Visitor: 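My structure is below; once you've seen it, I'll send some questions.
In this chain, numbering begins with 1 at the start of the sequence shown. Predicted model, so just to flag it, every value in this text is computed and none were measured.
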Amino acid sequence: MTLSPLTRRRLAVFRAHRRGHVSFWIFLVLFGLSLFAEFIANDRPLLVRYEGHWYVPVLHNYAETTFGAGFLPTEADYTDPDVQRAIRAHGWMIWPAIPYSYDTIIKDVGRPSPAPPSWRNLLGTDDEARDVLARVIYGFRISVLFGFALTAVSSVVGIAAGAVQGFYGGLTDLLGQRFIEMWNGMPQLYLLIILSSIITPGFWVLLVFLLLFSWMNLTGVVRAEFLRGRSMEYVRAARALGVRDSMVMVRHILPNALVATLTYLPFILSGSVTALAALDFLGFGLPPGAPSLGELVSQGRNNLQAPWLGITAFFVLGGVLTLLIFIGEAVRDSFDPRRVPAGSDG
């Protein structure tokens, strides 16, 4: 696929922004690795060879009787010494790099939990004897996926609302602005407290709840672009020729409006990650036991005698937000028409 000169110029400016470009690749690698968290940190073996047969416990559930252990067809607990001895007696197994999942209770830590970092638990354990590094990997994945989902859906809703307001103006714009002002003044935290007393918050419940308010992030920018674009000559000509309003909005004004909105997306993503972490810290986020960066912050606050918990939470959250901010700066510069790629004669 051939890129247009404008797209090539924007990519060149993005690559020239060394800090943002490097941050983009670091974030991409970390997120890509987190997508395979089950193959990196898990209390199930990656592969088992038993009596000449191959088994993949990381992908499938097997009963203990499959490996000659136990008497009931219950799911195999591969951390059980009896199961491990039964497998090694007639085969072998390959474990992930971190032999713990986010909810694995380590029974033989050897000291009271939270335990400090060691070669066995590189970031130590929390107050429930769970491996901190495993919880960070899973928590990073769910936080970023939540941020992506919230950013994508809220951007679509916000762009649509701003486009309708700006394109039609008049009473539509006036009523839309008054509704946004009223809706933006709603006490979100109090509403979430009331909601949590009725139903148990989860990933999708939190996504829908935050979507009710986060869609307004881009409405003002898109509205301003459509207010400016609807007075352009080519838009007037298209409407005079009888082109449908929806077609005029999508084909003639929206591409110009997206230039302004795309620069906000990395910052909205960082805000979405922060929102989930804040709700988890306050106890109104993901269900108890779920891997969460905000829950790790809460662990650090509640266990001041274990500074590795607070330090880990600070560096992980701070590092994620820093990478996203640097990426946002590079995206913003790449869409700035005044920026010239390095080495360009212009």
Visitor: Is there a side chain to side chain contact (heavy atoms under 4.5 Å, CB included) between L254 and M249 once you walk through the steps?
Guide: CA-CA 6 Å; L254 184 59; M249 295 167 65; 6.0 Å; no

Visitor: Evaluate the side-chain proximity of V156 to W215: yes if any heavy-atom separation is below 4.5 Å, no if none is.
Guide: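 W215 does not reach V156 side chain to side chain.
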
Visitor: Tell me whether I142 shares a hydrophobic cluster with V208, the cluster being built from Ile, Leu, Val, Met, Phe, Trp, Tyr side chains joined at under 4.5 Å.
Guide: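 No.
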
Visitor: List the atom of A275, the atom of L210, and the distance in Å for their closest heavy-atom pair.
Guide: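 Scanning both residues, the minimum pair turns out to be CB-CD1, 4.3 Å.
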
Visitor: Could you go through residues 316-326 and list every donor-acceptor pair under 3.5 Å that involves a side-chain atom there, pairing it with any protein atom two or more places apart or in another chain?
Guide:
unit_1: T322; atom_1: OG1; unit_2: G318; atom_2: O; d: 2.6

Visitor: Do side-chain atoms of Y138 reach the backbone of A41 as a donor and acceptor pair under 3.5 angstrom?
Guide: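 Looks like yes, one N/O pair under 3.5 Å.
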
Visitor: Between G300 and L304, which heavy-atom pair has the shortest distance, and what is it?
Guide: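 Heavy atoms of G300 and L304 come nearest at O-CD2, 3.6 Å.
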
Visitor: Does any part of the side chain of I106, heavy atoms only, come nearer than 4.5 Å to the side chain of R120, both counted from C-beta?
Guide: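 R120 vs I106: side chains touch.
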
Visitor: Decide, yes or no, whether a salt bridge links R239 with D245 under the criterion of side-chain N to carboxylate O below 4.0 Å.
Guide: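 Salt bridge between R239 and D245, a charged N being under 4.0 Å from a carboxylate O: yes.
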
Visitor: A side-chain contact here means heavy atoms from C-beta on lying under 4.5 Å apart; do Y50 and H53 qualify?
Guide: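 When only atoms from C-beta onward are counted, H53 and Y50 do not touch, as no gap falls below 4.5 Å.
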
Visitor: Within the structure provided, determine whether Y78 and W95 are in side-chain contact (heavy-atom separation under 4.5 Å).
Guide: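 Heavy-atom side-chain distance check passes, below 4.5 Å.
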
Visitor: Would you call the rings of F179 and W183 parallel, tilted or perpendicular if under 30° counts as parallel and over 60° as perpendicular?
Guide: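 Ring orientation, 0 to 90° scale: parallel.
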
Visitor: Indicate, with yes or no, if the rings of F148 and F31 have centres closer together than 6.0 Å.
Guide: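 Here the rings of F31 and F148 have centres that are less than 6.0 Å from each other.
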
Visitor: For atom OH of Y234, decide whether the heavy atoms of other residues, nucleotides or ligands shown that lie under 6.0 angstrom number more than 12.
Guide: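 Atom OH in Y234 is packed in, count exceeds 12.
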
Visitor: Spell out, yes or no, whether F167 and L227 are grouped together once hydrophobic residues are joined by side-chain heavy atoms under 4.5 Å, including indirect joins.
Guide: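 Result: no, two separate clusters.
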
Visitor: For R141, is there an ion pair with E38 - N to carboxylate O distance below 4.0 angstrom?
Guide: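 Yes, E38 and R141 are salt-bridged.
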
Visitor: Do P266 and R332 make a side-chain contact, defined as non-hydrogen atoms from C-beta onward lying under 4.5 Å apart?
Guide: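 When only atoms from C-beta onward are counted, R332 and P266 do not touch, as no gap falls below 4.5 Å.
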
Visitor: Going by atom types alone, do E181 and Q177 pair a side-chain donor with an acceptor below 3.5 Å?
Guide: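 Their side chains do not contain a donor-acceptor pair, so the 3.5 Å distance test is not met.
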
Visitor: Checking the side chain of R223 only, and the main-chain atoms of G166 only, is there a donor and an acceptor separated by less than 3.5 Å?
Guide: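 Side chain of R223 to backbone of G166: no pair is present.
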
Visitor: Might you confirm whether atom CH2 of W92 has over 12 heavy atoms from other residues, nucleotides or ligands at distances under 6.0 Å?
Guide: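 Yes.
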
Visitor: Do you know the tightest heavy-atom contact between G20 and A330?
Guide: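 Shortest heavy-atom contact: CA-CB, 3.8 Å.
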
Visitor: Taking S34 for its side chain and A37 for its backbone only, find out whether a donor-acceptor pair lies under 3.5 Å.
Guide: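 Flag not set: sc S34 to bb A37 has no pair under 3.5 Å.
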
Visitor: Has R251 got more than 12 heavy atoms of other residues, nucleotides or ligands less than 6.0 Å from its CZ?
Guide: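 12 or below, so no.
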
Visitor: Any luck finding a side-chain donor-acceptor pair between R130 and N121 under 3.5 Å?
Guide: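 R130 vs N121: no donor-acceptor pair found between side chains.
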
Visitor: Once rounded to the nearest 0.5 Å, what's the spacing between atom CD1 of I199 and atom CG of L195?
Guide: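 Going from the CD1 atom of I199 to the CG atom of L195 covers 4.0 Å.
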
Visitor: Taking all non-hydrogen atoms of both residues into account, name the closest pair between S272 and G147 and its distance.
Guide: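 Closest approach of S272 to G147: CB-CA, 3.7 Å.
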
Visitor: Between the main-chain N or O of F267 and the side-chain N or O of S270, is there a donor-acceptor pair closer than 3.5 Å?
Guide: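 Indeed, once roles are kept as given, a pair shorter than 3.5 Å links the two residues.
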
Visitor: Passes side chain to side chain contact (heavy atoms under 4.5 Å, CB included), F39 versus L59? Steps please.
Guide: CA-CA 9 Å; F39 297 89; L59 298 178; 3.7 Å; yes

Visitor: With a 3.5 Å distance limit and no angle check, can you tell me whether N303 reaches the backbone of A306 through a side-chain donor-acceptor pair?
Guide: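 The answer is no, because no donor-acceptor pair under 3.5 Å joins these two groups.
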
Visitor: Do Y102 and W308 land in one hydrophobic cluster if side-chain heavy atoms of ILVMFWY residues count as linked below 4.5 Å?
Guide: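 No, Y102 and W308 fall in different hydrophobic clusters.
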
Visitor: Can you tell me if CH2 on W204 sees more than 12 non-hydrogen neighbours from other groups inside 6.0 Å?
Guide: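 Open.
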
Visitor: With the side chain counted from C-beta on, respond yes when Q165 and I180 share a heavy-atom pair under 4.5 Å apart, and no when they do not.
Guide: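 Yes. Closest side-chain heavy atoms under 4.5 Å.
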
Visitor: Looking at R49 and G52, would you say the former's side chain and the latter's main chain have a donor-acceptor pair under 3.5 Å?
Guide: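 The answer is yes, because a donor-acceptor pair under 3.5 Å joins these two groups.
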
Visitor: Within a reach of under 6.0 Å around CZ of R111, are more than 12 heavy atoms found that belong to other residues, nucleotides or ligands?
Guide: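 Check fails, neighbour count at 12 or below.
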
Visitor: Counting distance only, does the side-chain N/O of R135 pair as donor-acceptor with the main-chain N or O of A290 below 3.5 Å?
Guide: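 Yes, R135 side chain to A290 backbone: donor-acceptor pair under 3.5 Å.
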
Visitor: So which heavy atom on T219 is nearest to which on G158, and how close?
Guide: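 Shortest heavy-atom contact: OG1-O, 3.5 Å.
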
Visitor: Tell me whether Q299 contacts the main-chain N or O of D127 through its side chain, where contact means a donor paired with an acceptor under 3.5 Å.
Guide: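 Here the side-chain-to-backbone pair exists.
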
Visitor: Determine whether the aromatic ring centres of residues F14 and F24 are separated by less than 6.0 angstrom.
Guide: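 Close enough - the centres of the two rings lie under 6.0 Å apart.
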
Visitor: Are the side chains of P117 and L123 in touch, meaning some heavy atoms are under 4.5 Å apart?
Guide: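 Sidechains of L123 and P117: no contact.
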
Visitor: Closer than 3.5 angstrom, by distance alone: can the side chain of Y62 be matched with the main-chain N or O of V56 as a donor-acceptor pair?
Guide: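 At least one qualifying donor-acceptor pair exists.
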
Visitor: In terms of hydrophobic clustering (I, L, V, M, F, W, Y; side-chain heavy atoms under 4.5 Å; direct or indirect links), are L206 and I193 co-clustered?
Guide: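 Linked, L206 and I193 end up in one cluster.
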
Visitor: Minimum heavy-atom separation for V235 and G229, please, with both atom names.
Guide: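 Looking at all heavy atoms of both residues, the shortest contact is CG2-O, 3.2 Å.
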
Visitor: Answer whether the closest heavy-atom distance between the side chains of V248 and R244 falls below 4.5 Å.
Guide: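 No, side chains not in contact.
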
Visitor: Applying side chain to side chain contact (heavy atoms under 4.5 Å, CB included) to M93 and Q84, what does each step give before you reach the verdict?
Guide: CA-CA 9 Å; M93 53 185 171; Q84 294 184 8; 3.7 Å; yes

Visitor: Group every Ile, Leu, Val, Met, Phe, Trp and Tyr by side-chain heavy-atom contacts under 4.5 Å, then state whether V222 and L175 land in the same group.
Guide: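 No, no single cluster joins them.
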
Visitor: Around Y55, counting heavy atoms of other residues, nucleotides and ligands shown, do more than 12 lie under 6.0 Å from its OH?
Guide: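 Counting neighbours around OH of Y55, more than 12 heavy atoms of other residues, nucleotides or ligands fall under 6.0 Å, so yes.
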
Visitor: Under 3.5 Å, side chain of T125 to main-chain N/O of A115, donor-acceptor pair present?
Guide: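 Looks like yes, one N/O pair under 3.5 Å.
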
Visitor: How long is the gap from CE on M247 to CD1 on I253, to the nearest 0.5 Å?
Guide: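 Rounded to the nearest 0.5 Å, the CE-CD1 separation comes out at 13.0 Å.
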
